[in-house]
Asker: 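Below: one structure in structure tokens.
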Amino acid sequence: MPRVHLAPLSSRSRRRLLLSRPLLGILSNTFSASASAPPPRALPPPLPALSPLLPPRSEEASSVAAASTAIAASFRDWFVESPVAVPAPLRALDAIYEALASDGTAALEALPLSEQLVLAVLGHRPRRLPDDDALLLLRLKFFDWSGRHPRYRHTRAVYHAVFRLLSRARRNAVVVNWLRLFSDSLSASGHPRFHDTLVVGYAVAGDPQRGLSVLGNMRFRGLDLDAVSSRILLNSLVDASLHDLADSFARNLPASPYATCIRIKSMCRRARLEDAVALLDTLPFAEASSGPAAGSVVTEFCRRGRFGEAAQIVDKFASCDVYGAWIHGLIEAGRLDTTLKFISDKKESEGYIPDGQRYDKLIYRLLRRNRLGEVYDLLVEMMEEGIAPGRSTMNAALCFFCKAGLVEVAMHLYRSRMELGINPNKDVYNNLIRALCRSGETEEACLVLEQAMEGGYFPGRQAFAMFANMLCQEGKLDKVRELLDRALKQEVWPMDSVLAKYLVALCKSGNVEEACVVPQIASSKSHVGLYRYESTYKSLIRALILIKRVDMLPRLVLEMQDMGHIPSRSLYQSVVCALCELNRYAEILELLDSQLQRTELQPRVCYNYFISGAGHAKRADMAREVYNRMEISGIEPSVESNTLLLMSYLRSRRIGDALNFFNLIRGKKPPGSKLYNVFISGLCEAQKPEQAMVFWREARDNGVIPSISCYEHLVLLLCSVRDYDSVVKVIDDFRETGRPVSAFLCNVLLLHTLMGDNLLKALLCSRDKSKPLEVNSEEIHGQEAGRLLIGDLVTSFASGIRNMSDLEHLGEEMEKYFPVDSYTYNMLLRGLSMAGRMDAACNLYERMCRKGYQPNRWTFDIMVHGFCKTGDKNEAERWMDAMYRNGFYPTWYTMRLYNSASLQAHNQKIISFV
């Protein structure tokens with residue numbers, strides 16, 4: 001065979017791995033040994049009731065530690081477990097790879113080389129080596145070494161196996177090069193089935209047309225492909241979307257279930273599902289259900305959203321393969337509840353257990369939605385059913401423990417990753433870093449980050465931001481600088497907010513000059529350094545705005561355009577707003593003139609940017625000056641220009657000027673919905689309910705339908721001034737628009753329902769004047785609720801909130817009718833806190849986390865406030881610690897209450913001592 005030239009192994013792959021015994025001893029003891037069933041394993045204990053965002057209570061620390069130890073031991077034993085049935089003994093195959101990695105090929109000379117052994121080595125995945133290019137290089141090294149052995153010659157099956165390995169690793173060019181070498185060296189030697197190997201090689205390399213050319217030469221010489229090679233070529237034609245060639249080639253093949261399956265796959269690719277089902281019915285039940293034929297049809301039906309027809313195929317060709325395809329289709333469509341119910345039903349009725357791959361896919365999807373209880377149940381179920389964990393299972397388990405607040409278990413398994421065969425991926429590293437940051441383990445997080453970067457992984461945006469923010473808060477700016485340098489070396493640029501916070505942290509520490517030098521770090525690949533990144537300019541500009549050094553802003557805005565970066569509206573808005581706040585009006589107009597002389601922005605767009613920036617700074621005079629300049633230059637103001645100037649007047653609380661400008665525009669042409677929305681919302685923000693109602697009625701009389709945001713502002717203002725009669729009128733009008741209910745609108749109405757019964761009385765008085773409306777419970781789910789009277793929904797809850805003790809059941813009822821969000825849960829937590837029901841508040845908090853809603857600053861503030869009111873200092877301190885670890889800070893009133901509670905507890909200790 002041709003000599004294969006291999007690149008030298010990296011230092012990481014060349015490290016010498018110690019063998020437990022000589023290789024020959026392992027081979028002699030294990031190749032003939034039969035696999036024995038593993039001893040029975042104790043299942044892990046139930047998952048402790050923890051929150052990933054909160055540290056455990058002091059009284060629960062011992063029980064949580066015991067449960068964590070038991071869970072870690074159970075999962076460690078499960079990870080160590082080897083599969084029951086393997087093509088060759090794992091320990092012997094691991095020893096072969098250890099010898100290859102340590103350049104100890106002399107220990108392999110006594111191997112009894114055969115086709116079976118070589119295929120087993122090439123297909124084996126050693127536990128202590130990552131599945132990457134280094135492992136592929138070791139496989140090719142073994143292939144090259146064994147091919148030059150005098151007592152062995154590679155067979156066609158071995159070549160096919162190597163072709164598949166290279167194809168999966170996206171090394172198709174290497175396959176084609178090998179085929180050329182193979183053709184030059186063996187074409188004249190009469191190698192058996194030489195042309196078959198060429199055809200299969202080109203098919204695997206993704207070039208089936210060249211394989212057809214070789215087949216043409218074969219048939220010219222009176223030769224033909226065998227059945228296996230024909231099927232591989234046919235499948236390659238289908239994968240390459242050469243369906244016409246595939247149909248022509250399939251007609252010349254003898255009928256077989258395998259060829260029919262490939263034809264069904266081709267029809268599914270072309271969306272000919274009816275023809276695929278008809279062809280599927282021609283197969284015997286055994287071939288249709290056990291192979292990929294029915295599975296391909298089911299998968300394609302699910303991909304196109306035709307789940308009813310897919311379910312019919314599943315019922316008709318019930319088998320493990322079809323069940324697996326059905327589970328895959330449901331998971332890809334996001335129907336996780338349906339998937340869990342299907343698995344549970346089939347397990348109970350037929351004893352069906354999915355394979356590890358299906359479990360892994362389902363677990364990862366559940367992890368994304370933070371459904372941690374179901375993830376733990378599935379992992380325990382896999383353990384109970386004896387399903388050996390793969391690398392993806394192990395990574396999913398580590399991610400789960402990080403999200404579930406059991407970072408100790410995750411770190412215990414992570415530290416033993418080499419022994420257990422764990423190959424952490426990017427998700428594992430990101431979750432570990434985030435979990436360690438939440439628990440305050442800065443040094444551990446730094447160690448994990450170093451190991452991740454050594455393995456070629458760099459943390460994701462969220463993990464990077466959390467880690468860098470924690471270092472900035474702790475004042476470890478040297479490590480932040482080191483982290484930024486590593487990011488630049490790996491061509492990964494951090495988030496703008498991270499760089500801005502780092503610059504601000506440098507400025508707060510008094511090192512302002514260093515903050516200004518940070519973006520000028522030179523890159524080894526470009527003379528312009530970090531300024532080649534648009535985010536560099538944005539971050540530096542925002543950092544300079546934070547430290548009030550605005551003299552450099554105009555120069556940076558123009559300079560970034562010289563580098564080819566177009567400033568966005570929000571960036572210009574921030575720059576103009578910062579200059580306005582420091583009364584740098586001359587510099588604003590100078591920047592405007594400079595920008596108009598350039599061609600990057602259209603003149604009208606440029607004027608709008610400056611009007612928007614002045615409006616956000618509440619400098620209506622400056623906005624009017626820019627507006628006047630636009631008119632003087634001969635540019636007619638657009639609807640957006642009028643809207644921006646009107647917003648400037650409203651933000652500056654110059655209601656008279658806003659009214660005059662609105663009347664001026666109205667005199668020219670009738671205003672549209674956008675102008676009405678801005679004017680009414682601005683009047684609401686200015687606390688002008690009477691005027692807002694006047695223009696709202698005018699808009700409705702003119703046939704203009706305000707936006708949902710406008711309705712929300714109007715209802716919020718009317719509720720705040722207790723004008724519930726007007727609220728009812730606005731609600732009735734909103735119902736007539738037929739729009740879906742927003743969570744904000746429902747939260748405002750429900751909040752004022754909880755605060756008192758005035759809103760309910762207004763609703764009931766309005767109902768007495770009209771015909772009663774009958775509502776079925778089946779009709780008020782989802783968006784259909786927006787077409788019904790919202791007051792009916794509020795009234796339906798009024799009977800359940802007569803006292804605060806019913807609030808803990810209100811959350812479950814609300815989800816049936818209202819689009820709830822984090823604010824809804826915070827509102828209910830506040831009600832329970834006011835009633836002193838902190839036990840129920842904790843239960844509601846856990847329910848909020850299980851539903852996937854992320855607690856925010858107000859969630860933690862409400863919990864700390866409630867525990868301070870009840871005098872539970874320990875719990876208040878625990879929640880305060882969790883608030884700080886998640887990057888939040890308490891409100892001023894809660895902080896004062898917390899300090900008072902701490903002082904009172906300290907005084908009580910002194911009194912008790914005396």
Side-chain angles (χ1 to χ4, degrees), residues 37-38 40-41 43-44 46-47 74-75 78 81 83-85 257 261 264-265 268 273 276-277 280-281 283-390 392-394 396-397 400 850:
R41 184 194 317 104
L43 296 179
L47 191 67
S74 181
F75 274 83
W78 184 38
E81 177 185 298
V84 176
C261 290
I264 291 174
K265 175 182 176 182
C268 291
L273 297 179
V277 173
L280 180 64
D281 292 335
L283 288 175
F285 178 81
E287 283 81 4
S289 59
S290 60
S296 300
V297 178
V298 170
T299 301
E300 190 64 24
F301 272 131
C302 292
R303 193 177 69 86
R304 297 180 180 274
R306 298 163 64 176
F307 297 99
E309 296 165 274
Q312 294 178 5
I313 301 295
V314 173
D315 295 337
K316 186 175 181 180
F317 299 98
S319 66
C320 292
D321 294 335
V322 178
Y323 289 165
W326 177 235
I327 292 173
H328 172 79
L330 291 175
I331 294 175
E332 287 295 325
R335 299 193 169 194
L336 303 183
D337 293 326
T338 306
T339 307
L340 292 170
K341 186 177 184 304
F342 175 79
I343 293 176
S344 177
D345 293 344
K346 291 301 178 182
K347 180 180 180 181
E348 182 178 355
S349 61
E350 303 177 14
Y352 167 71
I353 301 297
D355 57 9
Q357 184 180 1
R358 307 302 177 199
Y359 270 115
D360 293 344
K361 195 172 190 65
L362 180 57
I363 287 172
Y364 270 107
R365 288 302 179 93
L366 290 170
L367 274 174
R368 287 183 189 176
R369 301 189 181 183
N370 293 324
R371 298 171 63 170
L372 304 180
E374 291 158 325
V375 171
Y376 187 71
D377 293 340
L378 287 176
L379 290 172
V380 173
E381 184 177 318
M382 291 180 67
M383 191 183 305
E384 186 178 9
E385 297 297 338
I387 300 176
S392 58
T393 311
M394 298 178 183
F400 159 74
R850 286 196 303 269

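Side chains are part of it too, since the values below use all heavy atoms of this structure and drop only hydrogens, waters and symmetry mates.
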Asker: Report yes if the side chains of F317 and L280 come closer than 4.5 Å at any heavy-atom pair, otherwise no.
Answerer: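 The answer is yes, as the side chains (C-beta and beyond) meet within the 4.5 Å cut-off.
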Asker: Measure the shortest side-chain to side-chain distance between L378 and R371 over non-hydrogen atoms and say whether it is less than 4.5 angstrom.
Answerer: no
Asker: If every non-hydrogen atom of I363 is compared with every non-hydrogen atom of A396, which pair is closest and at what distance?
Answerer: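 Heavy atoms only, the tightest pair is CG2-CB, 3.8 Å.
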Asker: Please evaluate residues L273 and R304 with respect to the criterion side chain to side chain contact (heavy atoms under 4.5 Å, CB included), reporting the C-alpha separation (whole Å), side-chain torsions for both, the decisive distance (0.1 Å), and the verdict.
Answerer: CA-CA 10 Å; L273 297 179; R304 297 180 180 274; 3.9 Å; yes
Asker: Below 4.5 Å, heavy atoms only, C-beta onward: do I353 and Y359 meet side chain to side chain?
Answerer: yes
Asker: Within the supplied structure, the quantity of interest is the number of heavy atoms (other residues, nucleotides, ligands) at a distance under 6.0 Å from K347 NZ; does it exceed 12?
Answerer: yes
Asker: For W78 and I387, indicate whether the former's side chain and the latter's backbone hold a donor-acceptor pair under 3.5 Å.
Answerer: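 Such a contact is found between W78 side chain and I387 backbone.
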Asker: What verdict does the side chain to side chain contact (heavy atoms under 4.5 Å, CB included) test give for K316 and D281, after you've listed the backbone C-alpha separation in whole Å, the side-chain angles of each residue and the deciding distance to 0.1 Å?
Answerer: CA-CA 10 Å; K316 186 175 181 180; D281 292 335; 2.9 Å; yes
Asker: Taking all non-hydrogen atoms of both residues, which atom of S392 and which atom of Y364 are closest, and how far apart?
Answerer: O-OH, 3.3 Å
Asker: Do L367 and L372 come within less than 4.5 Å of each other through their side chains, counting heavy atoms only?
Answerer: yes
Asker: Which value, rounded to the nearest 0.5 Å, describes the distance between L330 atom CG and D337 atom CG?
Answerer: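 Between atom CG of L330 and atom CG of D337 there are 11.0 Å.
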Asker: So that I can tick it off, tell me whether D345 and K341 are bridged by a salt bridge, with the cut-off set at under 4.0 angstrom between side-chain N and carboxylate O.
Answerer: yes
Asker: For the residue pair F307 and A333, what are the closest heavy atoms and their distance?
Answerer: CZ-CB, 3.4 Å
Asker: Can you tell if the side chain of R358 reaches within under 4.5 Å of the side chain of I343, non-hydrogen atoms only?
Answerer: no
Asker: Are F75 and M383 packed together at the side-chain level, in the sense that at least one heavy-atom pair is separated by less than 4.5 angstrom?
Answerer: yes
Asker: Only counting residues at least two apart or in another chain, list the ones meeting side-chain contact (heavy atoms from CB on, under 4.5 Å) with Q357.
Answerer: D355
Asker: Testing the basics here: between A310 and W326, what is the closest heavy-atom pair and its distance to 0.1 Å?
Answerer: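 Looking at all heavy atoms of both residues, the closest pair is CB-CZ3, 3.5 Å.
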Asker: Does any non-hydrogen side-chain atom of E374 lie less than 4.5 Å from one of L336?
Answerer: no
Asker: Less than 4.0 Å between a side-chain N and a carboxylate O, is that true for E332 and R365?
Answerer: yes
Asker: Between the side chain of Y323 and the main-chain N/O of F342, is any donor-acceptor distance below 3.5 Å?
Answerer: no
Asker: Shortest non-hydrogen contact from C268 to S296?
Answerer: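 Closest approach of C268 to S296, heavy atoms only: SG-O, 3.8 Å.
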Asker: Is any side-chain heavy atom of L362 closer than 4.5 Å to one of I327?
Answerer: no
